[in-house]
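Chain letters run A, B, ... following the sequence lines, proteins first, then strands; residues in each count from 1.
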Amino acid sequence: MDKHFDPQSIENKWYQTWENRGYFKPAPSQTGNHYSIMIPPPNVTGSLHMGHAFQDTIMDTLTRYHRMLGDETLWQPGSDHAGIATQMVVERQLAAKGLSKHDLGREAFIDKVWEWKQTSGGQITQQLRRLGMSPDWSRERFTMDDGLSNAVREVFVQLYEQDLIYRGKRLVNWDPVLHTAVSDLEVASEEEMGSLWHMRYPLSDGSGHLVVATTRPETLFGDQAVAVHPDDERYQSLIGKTVTLPLVGREIPIIADDYVEKDFGSGCVKITPAHDFNDYEMGKRHNLPMLNVMTIDAAMNDEVPEKYQGMDRFEARQAAIKDLEALDLLEKIEPHKLMVPRGDRSHAVIEPFLTDQWYVAVEELAKPAIDAVKNGDIEFVPKNWKNTYFEWMNNLQDWCISRQIWWGHRIPAWYDDEGRVYVGRTKAEVRANHQLASSVTLNQDEDVLDTWFSSALWTFSTLGWPEKTPELEKFHPSSVLVTGFDIIFFWVARMIMMTLKFTGEVPFKQVYVHGLVRDAEGQKMSKSKGNVLDPIDLIDGIDLESLVQKRTTGMMQPEKAAKIEKATRRQFTDGIEAYGTDALRFTFASLASTGRDIQFDLNRCEGYRNFCNKLWNATRYVLMNTEGEDTGLDETQPITLSLADTWITSRLQTVTQQIHKHFEHYRFDLAANALYEFTWNEYCDWYLELSKPILQSETATDAEKSGTRRTLVRVLESLLRLLHPITPFITEEAWQAVAPLAGVDTQSQRTIMTQPYPLTNEALIDESAEAELEWVKQVIMGIRRIRSEMNIAPSKPLPVLMAQMNQNDQAWLKNNQVFLKKLARLESIDVIATDAEAPDSAVALVGEMKVLIPMAGLIDKEAELSRLDKDIQKLNKELARLNGKLNNEGFVSKAPEAVVKKEQQKRHDAESALKNLKDQYAKIEQM
RNA sequence: ACGACUGUAGCUCAGUUGGUUAGAGCGCCACCUUGACAUGGUGGAGGUCGGUGGUUCGAAUCCACUCAGUCGUACCA
């Protein structure tokens, strides 16, 4: 084995082996349990980002853990077709050749999309393989596959037949660039600077004018009323009169509606029902006409005066203002901050637009979905997220599911020449059901469904629904959904509604909601900010120039390139080192606590790379000391276990217990931490060191050496299995070498992946061994501290004296001479009956016992005095605190007895230590 | 405006039902090329747990208020 762990030399090898041998497929349950996770389908257009890597590490860890527990485990992979995003990608490619999708026509265009999907759609799945992910690739699904499309049609038809899907003309969020409706969730409003234009609307009877304020003067052409508050004295007499709409000449009524704020602007609001959501509602209340004045491009249509027809909405705005000004109808212009809605894909300003769309009536679906979370059938982890869920579910709007694009599931509705609509699974079914003669022409609806409509069916459509498959039986409901909070509305809520409706089951029993990965400065990672990290670059490393190149090419806003380059060069002066997959995964696990934001710090990654190296070298040490030696496999041969052996075995049980608990609670950070601590601070720092005196001893018996070798190997073998769900590669590589020495037949048991996950054996928890070893550590650390603070070379063997020993101390000293001598580098250990015989010494206390290092020729009086003084000060403070507590009548009478006793014990210990140190101080002082 | 979350060492974060001397990693300081590992070892410094008040014998932990930050929802045209 190499001196350093080299991830690149083992990762691909093992991944291929695992996949080729079919280890990712569900294997028959050994526990009777089934465990399944459905991957939140990444977008086919996407490439892997840190969020995926983080989320998938969690899912893979859970999957590997349950697989090792013996559950029949399925991690279902796949991707969604991302209607708008994918269509945009392919359109952009066509545009580069000077073509539009209309040049190709619908069918040829869709063929092109499929073609693109075949060639580039698999990028993310290859990247997932690099991360060591173990989903059952043989079951990979895509939302546009036949099976899933079939499920989509089935759901659509059934919902339609139950009046839960309807078609209607409504005001929707219209994206004038993409020419499609989008749902409210796909619109993000941001504060932008604009103006508030105050316009005069003359009263039709010539008796004056009203002033209305607007942020969107161009919608004036569609105005159908001016509204005032019913209690507003200023306008009482005008209610019911009309104003004449400037530039248009139409008379529109002045109406009263308490939606109007008296105190804002002039207290008069222009009402444009076809271009504003609030006005739309008011328009319905007052039976106002809905006049659409724009085209699908958000240019003015022919409902406006000829002069403005064909103008873009913003151009028309300027023209209207200019013309109003010319007519002296513009009272004033104020700067005004307003929320501007923009489409999350196109970034275009969204236009409320009156169109025919398909909707899901959600009210009836929502109720059981709310109940499922209320009654605990679905549990959110951490549980506060259910509030977010309820808040959304209690304020649901009907879901607009039609999209005016080509790529997606075409709506299974057909129209006859009279425009009557028929919904069915196929055209033939429609004909049959409605007895339509073949002479009746039927044209299918042009629209496709929102991608989330198919994603909402993901947990059951991927398992073969509407067929009754064995997979559905076994793996549905899935065990847990692992997802980010940003997607609770988009996906989680809709999945719960649809799945309950169609399977009568919840889609998942738990929802584990994790945080969002941010950069080291807490900024959200985004391509436009130029602060994204590619997980693969953390695995393989990347030099600075390539990183700069990567971050500054293909940008939406090239003007930011210089800034990004500068920041990148500052933050990554030497590029990024290759940390390997295991280190990256361990980092993600350690960051998975309960918070909402996860700041990704490269230093953490480096630390866990070092951890992998530590594990690697511990393995080297174990192999060097056990290969070709007796590792105690023959149970009939005698072995002797040292204190260190029983201690580390005991500790292993406790850690194992903790890991199970942490995985149950999705506390991957705590699990990672416990594993790190055990591996480094117990197994490596202490146990491996304690094994040396035995293995290198000339006097130790074969039974003792076998006992230690056996423990070395078995604890390591267990540790590798404990670590495997988080760090699959290094553990597999090490396990192959270690397992045979622990008695595992790697001819039949070919991989760590399918080994049983370690269970706690409580019989092996040995508190007395832990106490004794703690004593050994205390003695060693006390001596090391004196060495260090007295500047005594670590290499210099020291004589020590032990005094004030109780029975335990005496027994423990007798048992552990070898450990102490070796680890503390002692020349000799002598016991003295009383202090009196002791020469001038530096002292360390272990309980009552004194560990003395004679000072002759070694120790500086002043240094020792100041060292003692420091400890005395500390103890004084501690004692004052304890006295305060114990002298408090309330504490002694009201606190539980055990707590009081504990404090009394502490006081006793502190007092005795203090006395010892003070005596010592006095003694040294007199030297 | 409402709601949620966060505030603990220079940095990133743990801290279970109130009872620890408040922990870890990184960084920092000193020493050490000892035979698994310098991607290492040993020792050390560093925190009035955002603030105020309360409940309690006892608060980082519970309650109220407050400050700062993040996010979500709703917004006045």
Side-chain angles (χ1 to χ4, degrees), chain A residues 1 3-5 189 196-197 212-216 219 227 259-272 276 278-279 336 338-339 382 384-385 387-388 391-392 395 485-486 488-489 515-516 518 520 522 577 579 583 590-591 593-604 606-625 661 665 667 669-670 673 676-677 680-681 684-685 688-689 692 696 781 784-789 791-795 825 874-875 877-878 881-882 885 888-896 898-900 902-903 906 910:
Chain A
M1 279 173 91
K3 205 169 153 182
H4 293 308
F5 171 51
S189 291
L196 195 56
W197 285 274
V212 298
T214 181
T215 54
R216 302 199 54 202
T219 62
Y259 158 79
V260 180
E261 296 272 334
K262 282 189 281 189
D263 302 332
F264 188 86
S266 60
C268 301
V269 192
K270 65 195 255 333
I271 302 302
T272 324
D276 181 284
N278 289 316
D279 293 6
H336 183 71
L338 73 163
M339 298 298 278
N384 346 18
W385 286 111
N387 298 331
T388 309
E391 195 182 332
W392 162 256
N395 295 295
F485 59 83
D486 52 333
I488 290 178
F489 306 140
L516 256 39
R518 296 168 175 282
E577 279 185 78
Y579 298 117
S590 76
L591 293 171
S593 65
T594 55
R596 271 188 13 168
D597 297 317
I598 293 156
Q599 294 208 50
F600 192 89
D601 187 347
L602 230 47
N603 293 323
R604 289 288 286 270
E606 185 177 339
Y608 295 124
R609 188 268 318 257
N610 296 351
F611 173 75
C612 290
N613 190 55
K614 189 76 179 175
L615 179 66
W616 182 256
N617 275 290
T619 304
R620 280 180 69 207
Y621 170 81
V622 171
L623 293 175
M624 285 164 85
N625 284 283
K661 188 181 89 188
H665 296 141
R667 288 302 303 270
D669 59 328
L670 298 180
N673 222 309
Y676 185 100
E677 294 255 318
W680 203 312
N681 301 338
C684 291
D685 283 353
L688 293 190
E689 293 308 318
K692 289 175 185 173
Q696 292 162 10
M781 291 192 293
R784 283 177 180 167
R785 189 168 164 225
I786 292 172
R787 242 188 221 287
S788 176
E789 291 180 8
N791 276 321
I792 302 169
S795 53
R825 269 214 165 235
K874 220 184 199 169
L875 279 168
K877 256 167 88 180
E878 162 83 353
R881 198 183 57 83
L882 287 164
K885 220 171 185 179
N888 179 342
E889 194 54 42
F891 175 72
V892 181
S893 59
K894 292 192 182 169
V899 174
V900 177
K902 205 169 143 195
E903 296 299 303
K906 279 194 224 161

Practice item. Taking only the side-chain nitrogens and oxygens of A:K902, find out if one of them lies under 4.0 Å from OP1 or OP2 of B:G19. Key: no
Point to revise | C1' gap between B:A4 and B:A77, integer Å | key: 30 Å
Review point. Do we see A:H4 stacking on the base of B:U39, given a limit of 5.5 Å between centres and 30° between planes?
Key: yes
Check your understanding: In dot-bracket, 5' to 3', how would RNA chain B read with Watson-Crick or G-U wobble pairs under 3.5 Å, [ ] for crossing ones and | for pairs to another strand?
Key -> (((((((..((((.....[...)))).(((((.......))))).....(((((..]....))))))))))))....
Review point. Of A:R825 and A:K262, whose closest RNA chain B nucleotide lies nearer the 5' terminus?
Key: A:R825
Review point. Does a side-chain N or O from A:S593 land closer than 4.0 Å to OP1 or OP2 of B:A14, or not?
Key: yes
Exercise for review: Starting at atom CG of A:N603, determine the distance to atom P of B:U12, rounded to an integer number of angstrom.
Suggested key: 11 Å
Point to revise | Residue-phosphate contact under 4.0 Å: A:K885 side-chain N/O, B:U20 OP1/OP2 | key: yes
Point to revise | Rounded interatomic separation in angstrom, taking CD from A:E903 and C1' from B:G19 | key: 7 Å
**Study point:** Residue A:W680, side-chain atoms from C-beta onward, closest of B:G40, B:A14, B:A77
**Key:** B:G40
Exercise for review: Check whether any side-chain nitrogen or oxygen of A:H336 sits under 4.0 Å from OP1 or OP2 of B:A77, and answer yes or no.
Suggested key: yes
Point to revise | Pairwise P distance, B:G69 and B:C31 [rounded to whole Å] | key: 44 Å
**Study point:** Closest to side chain of A:R881, choosing from B:G41, B:U21, B:U12
**Key:** B:U21
Practice item. Could you tell me the separation between the CZ atom of A:R609 and the NE2 atom of A:H4, rounded to the nearest 0.5 Å? Key: 9.0 Å
**Study point:** Closest listed nucleotide, where the reference is the side chain of A:N888 and the choices are B:C32, B:C13, B:C57
**Key:** B:C57
**Study point:** Minimum side-chain heavy-atom gap A:L615-A:F5 below 4.5 Å
**Key:** no
Check your understanding: NA contact type, A:D685, heavy-atom cut-off 4.0 Å: base, sugar-phosphate, or nothing?
Key -> sugar-phosphate
Review point. Out of B:U73, B:A77, B:G19, which nucleotide sits closest to the side chain of A:E391?
Key: B:U73
**Study point:** CG-CG distance between A:L591 and A:D669, expressed to the nearest 0.5 angstrom
**Key:** 8.5 Å
**Study point:** Side chain of A:R667 (C-beta onward), nearest among B:G15, B:C13, B:C32
**Key:** B:G15
So which protein nitrogen or oxygen atoms get under 3.5 Å of nucleotides 5-8 of chain B's nitrogens or oxygens?
unit_1: B:C5; atom_1: OP1; unit_2: A:N384; atom_2: ND2; d: 3.1

Revision key, fill the gap. Interatomic distance, OG1@A:T215 vs CE@A:M339, rounded to 0.5 Å, equals 12.5 Å
Review point. Across the strands shown, which category fits A:T214 at heavy-atom distances under 4.0 angstrom: base, sugar-phosphate, nothing?
Key: sugar-phosphate
Check your understanding: In terms of the nearest nucleotide of RNA chain B, which residue is placed more toward the 5' end: A:W392 or A:E889?
Key -> A:E889
Review point. If you measure from the C1' atom in B:U56 to the same atom in B:C13, how many Å do you get, rounded?
Key: 30 Å
Check your understanding: Between A:K614 and B:G41, is there a side-chain N or O to OP1/OP2 distance below 4.0 Å?
Key -> yes
Check your understanding: Among B:G43, B:A14, B:A77, which is the nearest nucleotide to the side chain of A:R784?
Key -> B:G43
Exercise for review: Take atom P in B:C2 and the same atom in B:A64, then report the distance between them in whole Å.
Suggested key: 16 Å
Review point. If the C1' atom of B:A14 is compared with that of B:C49, how far apart are they to the nearest Å?
Key: 13 Å
Check your understanding: In terms of side-chain geometry, is the basic nitrogen of A:E789 or A:R785 positioned less than 4.0 Å from the acidic oxygen of its partner?
Key -> yes
Point to revise | Straight-line distance of A:T214 OG1 to A:K270 NZ, nearest 0.5 Å | key: 4.5 Å
Point to revise | Integer-rounded Å distance: B:U73 P and A:I488 CD1 | key: 12 Å
Point to revise | Pairwise C1' distance, B:C29 and B:U66 [rounded to whole Å] | key: 40 Å
Point to revise | Interatomic distance where CG belongs to A:D279 and C1' belongs to B:C75 [whole Å] | key: 14 Å
Exercise for review: Look at the side chain of A:N278 and decide which nucleotide, out of B:U21, B:G43, B:C75, has an atom nearest to it.
Suggested key: B:C75
Check your understanding: Quick one: A:E606 CD to B:U12 C1', roughly how many Å, whole number?
Key -> 14 Å
Check your understanding: When you check the phosphate oxygens OP1 and OP2 of B:U16, does a side-chain N or O of A:K661 lie under 4.0 Å from one of them?
Key -> no
Practice item. Starting from the C-alpha separation in whole Å, work towards a yes-or-no answer on side-chain contact (heavy atoms from CB on, under 4.5 Å) for A:L516 and A:D486. Key: CA-CA 9 Å; A:L516 256 39; A:D486 52 333; 3.9 Å; yes
Review point. Atom OH in A:Y259, atom CG in A:N278: separation rounded to 0.5 Å?
Key: 3.5 Å
Practice item. Check every strand shown and say whether A:L688 touches a base, only sugar-phosphate, or nothing at a heavy-atom separation below 4.0 Å. Key: base
Review point. Within the structure, does a side-chain N or O atom of A:K692 lie under 4.0 Å from either OP1 or OP2 of B:A36?
Key: yes
Study note, to complete from the structure: Checking B:A77, B:G43, B:U39 against the side chain of A:V260 (C-beta onward), the nearest is B:A77
**Study point:** Spacing of CZ belonging to A:R604 relative to OH belonging to A:Y579, to within rounding of 0.5 Å
**Key:** 13.5 Å
Point to revise | Heavy-atom donor-acceptor pair, A:D601 side chain to A:A520 backbone, under 3.5 Å | key: no
Exercise for review: Measure the distance from CG on A:D669 to C1' on B:C13 and round it to the nearest whole Å.
Suggested key: 9 Å
Exercise for review: Identify whether any heavy atom of A:E689 sits under 4.0 Å from a base atom; if not, whether one sits that close to sugar-phosphate; answer base, sugar-phosphate or nothing.
Suggested key: base
Check your understanding: CG of A:N625 versus P of B:G35: gap in Å, rounded?
Key -> 14 Å
Review point. Any side-chain heavy atom of A:K3 sitting closer than 4.5 Å to one from A:R620?
Key: yes
Check your understanding: How close or far is atom C1' of B:G25 from atom CD of A:E677, stated in whole angstroms?
Key -> 9 Å
Check your understanding: Nearest to the side chain of A:R785 - B:U16, B:C13, B:G43?
Key -> B:G43
Exercise for review: Ignoring the backbone of A:R620, work out which of B:A36, B:A77, B:C57 is nearest its side chain.
Suggested key: B:A36
Check your understanding: Just checking, A:K614 and A:Y676: is the charged tip under 6.0 Å from the six-membered ring centre and within 45° of the axis?
Key -> no
**Study point:** Taking every non-hydrogen atom, the tightest pair across A:S593 and A:R667
**Key:** CB-NH2, 4.1 Å
Review point. Is any side-chain N or O of A:N791 closer than 4.0 Å to OP1 or OP2 of B:A30?
Key: no
Review point. Is any side-chain N or O of A:R787 closer than 4.0 Å to OP1 or OP2 of B:G43?
Key: no
Practice item. In whole angstrom, give me the gap between the C1' atoms of B:G44 and B:G54. Key: 40 Å
